[in-house]
*Asks:* 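Could you have a look at this structure, given as structure tokens, before my questions?
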Amino acid sequence: MNNSSCPRVNIDFTTRFLPPVFILVFIIGLVANGCGLKSLLHNWKKLKIVNVFVLNLGLADILYLLTLPFLMVYYFKTENWIFGDTFCKITRFCFNLNLYGSIWFLTCISVCRYLAIVHPVRMMGRLTVTHSVGISVMVWLLVSIQSLPDMFYSKTSGNNIVQCYDTTSSIYVEDYLKYSLGWTLTGFCIPFLITLGCYGHVIVVICRINSIDKVLKQRSLKLLFITILLFSVCYIPYHVLKNLSLWSRISRKQNICREWFNGVYIAKQISRGLVCLNSALNPLVYLHGSEDIPARLRRLLQRATQLFSHPPPTNSSSVAMAQITYEGVTQEK
């Protein structure tokens, strides 16, 4: 259907939906990632290969979580950005670092699990903590290089009410769609296929071989479930709807209107809320990806259970014990 102008998209949904999601993610993500990072850094000298990737995953989450208060202010003010164009770009850059850094570090963890289960003898002693640190540095560089072109696109528009786009303004939307499709291929599709291949092979080996350590089996299966959850809920909907939304914006710009355009916009905003949930869900990887944190948490729970099951003596009981002791001493005298 071709019209001289398309009906305006309803943006009220964004200002109602995203702020509560950001508040929830900020609180849960900051507490969970903070506890996880504290546990990892507590034994800094004993960090193992997988723990290095888990540590970087947490740092990527913290980097994004620190920008959420500014986005809360933005959407509470009905999409009026008051912090300037440069900081708008920095905020979106941190989001991209978190998103694609998380995807690649999850991929690194899946490769480590694959090597530990499928090729345990061949890889014994060959992959060290130094290698994992070097790989982590390469991931940060790769993600930064991929995200850097996004900084050169216009991110703000308007005079009285300034918008801070998560993509770009309508002027450059055609070029941005091409960039976004390439970015989706290199930053999402390739690591996603690597992750699927690794865990697919791991499942086959686990089902065939009974001599594999049960703890390692359980940890790998739990990591597989968490990874599927993250990709299914957070990453896949966002990338599909982001590119579909960009295409619909190009169509609207050409006065080509479709009834489902408004539905795509709403679905894309929901996917934005879901993708930021990865910062609150990633701490699940701490529990099942790290080799030390689960045991430490179990010890803390045991101490807490003992504390509540055997409470310290009350003041009255202490006084009674002291009185009995005093009377016994007096009688002896």
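As the structure is a prediction and not an experimental result, all values here were calculated from the model.
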*Asks:* Check the surroundings of atom CE in Met151: do more than 12 heavy atoms from other residues, nucleotides or ligands lie under 6.0 Å from it?
*Replies:* yes
*Asks:* Determine, step by step, whether Phe95 and Tyr238 satisfy the ring-ring contact (aromatic ring centres under 6.0 Å, His included) criterion, reporting the C-alpha distance in whole Å, the side-chain angles of both residues, the deciding distance to 0.1 Å, and the verdict.
*Replies:* CA-CA 13 Å; Phe95 166 76; Tyr238 173 76; 5.8 Å; yes
*Asks:* Quickly, which of Thr86, Asp150, Thr167, Asp85 forms a side chain to side chain donor-acceptor pair (under 3.5 Å) with Lys155? Name it, please.
*Replies:* Asp150
*Asks:* Would you check if Val129 and Ser132 make a side-chain contact, meaning some heavy-atom pair closer than 4.5 Å?
*Replies:* yes
*Asks:* Following the transitive rule for hydrophobic clusters with a side-chain heavy-atom cut-off under 4.5 Å over Ile, Leu, Val, Met, Phe, Trp and Tyr, establish whether Val143 and Leu66 coincide in one cluster.
*Replies:* yes
*Asks:* Hey, quick one: are Ile228 and Phe231 part of the same hydrophobic cluster, counting side-chain heavy atoms closer than 4.5 Å, chains of contacts allowed?
*Replies:* yes
*Asks:* Could you go through the side chain to side chain contact (heavy atoms under 4.5 Å, CB included) check for Arg113 and Thr227 one step at a time?
*Replies:* CA-CA 12 Å; Arg113 287 294 172 217; Thr227 304; over 6 Å; no
*Asks:* Under the ring-ring contact (aromatic ring centres under 6.0 Å, His included) criterion, do Tyr172 and Tyr176 qualify, and how do the steps go?
*Replies:* CA-CA 6 Å; Tyr172 307 102; Tyr176 197 90; 9.8 Å; no
*Asks:* Using the side chain to side chain contact (heavy atoms under 4.5 Å, CB included) rule, take Asn282 and Ser102 through it: C-alpha gap first, then chi angles, then the decisive distance, then the call.
*Replies:* CA-CA 8 Å; Asn282 279 340; Ser102 297; 3.4 Å; yes
*Asks:* Kindly indicate whether the side chain of Arg249, heavy atoms from C-beta on, has any atom under 4.5 Å from the side chain of Lys253.
*Replies:* no
*Asks:* How far apart are the closest heavy atoms of Ser147 and Trp183, and which atoms are they?
*Replies:* OG-CZ2, 3.6 Å
*Asks:* Taking Asp61 for the side chain and Gly29 for the main chain, is one N or O donor matched with an acceptor at less than 3.5 Å?
*Replies:* no
*Asks:* How far apart are the C-alpha atoms of Leu181 and Lys178, what are their side-chain angles, what is the distance that settles it, and do they pass the side chain to side chain contact (heavy atoms under 4.5 Å, CB included) test?
*Replies:* CA-CA 5 Å; Leu181 290 172; Lys178 298 175 184 177; 5.8 Å; no
*Asks:* Keeping the roles fixed (side chain from Ser245, backbone from Lys242), state whether a donor-acceptor pair exists under 3.5 Å.
*Replies:* no
*Asks:* Are there over 12 heavy-atom neighbours, none belonging to Ile82, within less than 6.0 Å of that residue's CD1?
*Replies:* yes
*Asks:* Do His119 and Tyr114 have side chains that approach each other closer than 4.5 Å (heavy atoms only, starting at C-beta)?
*Replies:* yes
*Asks:* For Ile226 versus Leu284, what's the shortest heavy-atom pair and its separation?
*Replies:* CD1-O, 3.6 Å
*Asks:* Going only through I, L, V, M, F, W and Y residues with side-chain contacts under 4.5 Å, is there a path from Met138 to Ile190?
*Replies:* no
*Asks:* Should we say atom CZ of Phe225 is surrounded by more than 12 heavy atoms from elsewhere, each under 6.0 Å from it?
*Replies:* no
*Asks:* Checking ring pair (Phe, Tyr, Trp, His ring centres under 6.0 Å) between Trp81 and each of Tyr74, Tyr75, Phe76, which is the one that passes?
*Replies:* Tyr74
*Asks:* Answer with yes or no whether the hydrophobic clustering places Leu115 together with Val204; edges join I, L, V, M, F, W, Y residues whose side-chain heavy atoms lie under 4.5 Å apart.
*Replies:* no
*Asks:* Can you see which heavy atom on Ser144 is nearest to which on Leu97, and at what distance?
*Replies:* OG-CD2, 3.7 Å
*Asks:* Establish, from distance only, whether the side-chain atoms of Thr14 and Glu79 form a donor-acceptor pair under 3.5 Å.
*Replies:* no
*Asks:* Hey, what do you get for CG (Leu224) to CD1 (Ile203), rounding to the nearest 0.5 Å?
*Replies:* 4.5 Å
*Asks:* Could you go through the side chain to side chain contact (heavy atoms under 4.5 Å, CB included) check for Asn98 and Leu63 one step at a time?
*Replies:* CA-CA 7 Å; Asn98 165 253; Leu63 182 66; 5.9 Å; no
*Asks:* Judged by modelled atom types alone, do Ser157 and Tyr165 share a side-chain donor-acceptor pair under 3.5 Å?
*Replies:* yes
*Asks:* Which pair of non-hydrogen atoms, one from Ile28 and one from Ala280, has the smallest distance, and what is that distance?
*Replies:* CG2-CB, 4.0 Å
*Asks:* For Phe53 and Phe105, take the angle between the two ring planes, folded into 0 to 90°, and tell me which bin it lands in: parallel under 30, tilted 30 to 60, perpendicular over 60.
*Replies:* tilted
*Asks:* State, with a plain yes or no, whether a side-chain heavy atom of Leu106 is found less than 4.5 Å away from one of Thr195.
*Replies:* no
*Asks:* Is the distance between the ring centroids of Phe192 and Phe188 under 6.0 Å?
*Replies:* yes
*Asks:* Counting only N and O atoms by type, is there a donor-acceptor contact under 3.5 Å from the side chain of Ser251 to the main-chain atoms of Trp247?
*Replies:* yes
*Asks:* Between Gly273 and Val21, what is the shortest heavy-atom contact and its length?
*Replies:* O-CG1, 3.6 Å
*Asks:* Answer yes or no: is there a side-chain heavy-atom contact under 4.5 Å between Trp104 and Gln146?
*Replies:* yes
*Asks:* Under a 3.5 Å cutoff, is there a donor and acceptor pairing between the side chains of Thr168 and Ser154?
*Replies:* no
*Asks:* Kindly indicate whether the side chain of Tyr153, heavy atoms from C-beta on, has any atom under 4.5 Å from the side chain of Asp175.
*Replies:* yes
*Asks:* Evaluate Phe26 against Phe22 for ring-ring contact (aromatic ring centres under 6.0 Å, His included), listing each step before the verdict.
*Replies:* CA-CA 6 Å; Phe26 179 75; Phe22 287 159; over 10 Å; no
*Asks:* May I ask whether Val31 and Leu24 are part of the same hydrophobic cluster, defined by side-chain heavy atoms of I, L, V, M, F, W, Y residues being less than 4.5 angstrom apart, directly or through others?
*Replies:* no
*Asks:* Could you grab the distance from atom OG1 of Thr67 to atom CE of Met72, nearest 0.5 Å is fine?
*Replies:* 9.0 Å
*Asks:* About how many Å separate CD1 of Ile49 and CD1 of Ile109, when rounded to the nearest 0.5 Å?
*Replies:* 12.5 Å
*Asks:* Using side-chain heavy atoms (C-beta onward) and a distance below 4.5 Å, is Val139 in contact with Cys108?
*Replies:* yes
*Asks:* Is the closest side-chain heavy-atom distance between Tyr235 and Leu99 below 4.5 Å?
*Replies:* yes
*Asks:* State the CD1-SG distance between Ile236 and Cys189, to the nearest 0.5 angstrom.
*Replies:* 9.5 Å
*Asks:* Determine whether the aromatic ring centres of residues Phe87 and Phe70 are separated by less than 6.0 angstrom.
*Replies:* yes
*Asks:* In Å and rounded to the nearest 0.5 Å, what is the CG to CG distance from Leu71 to Asp166?
*Replies:* 10.0 Å
*Asks:* When rounded to the nearest 0.5 angstrom, what distance separates CG in Leu37 from CD1 in Ile62?
*Replies:* 5.5 Å
*Asks:* Looking at every non-hydrogen atom in both residues, tell me the closest pair between Asn33 and Gly58 and how far apart they are.
*Replies:* OD1-CA, 3.8 Å
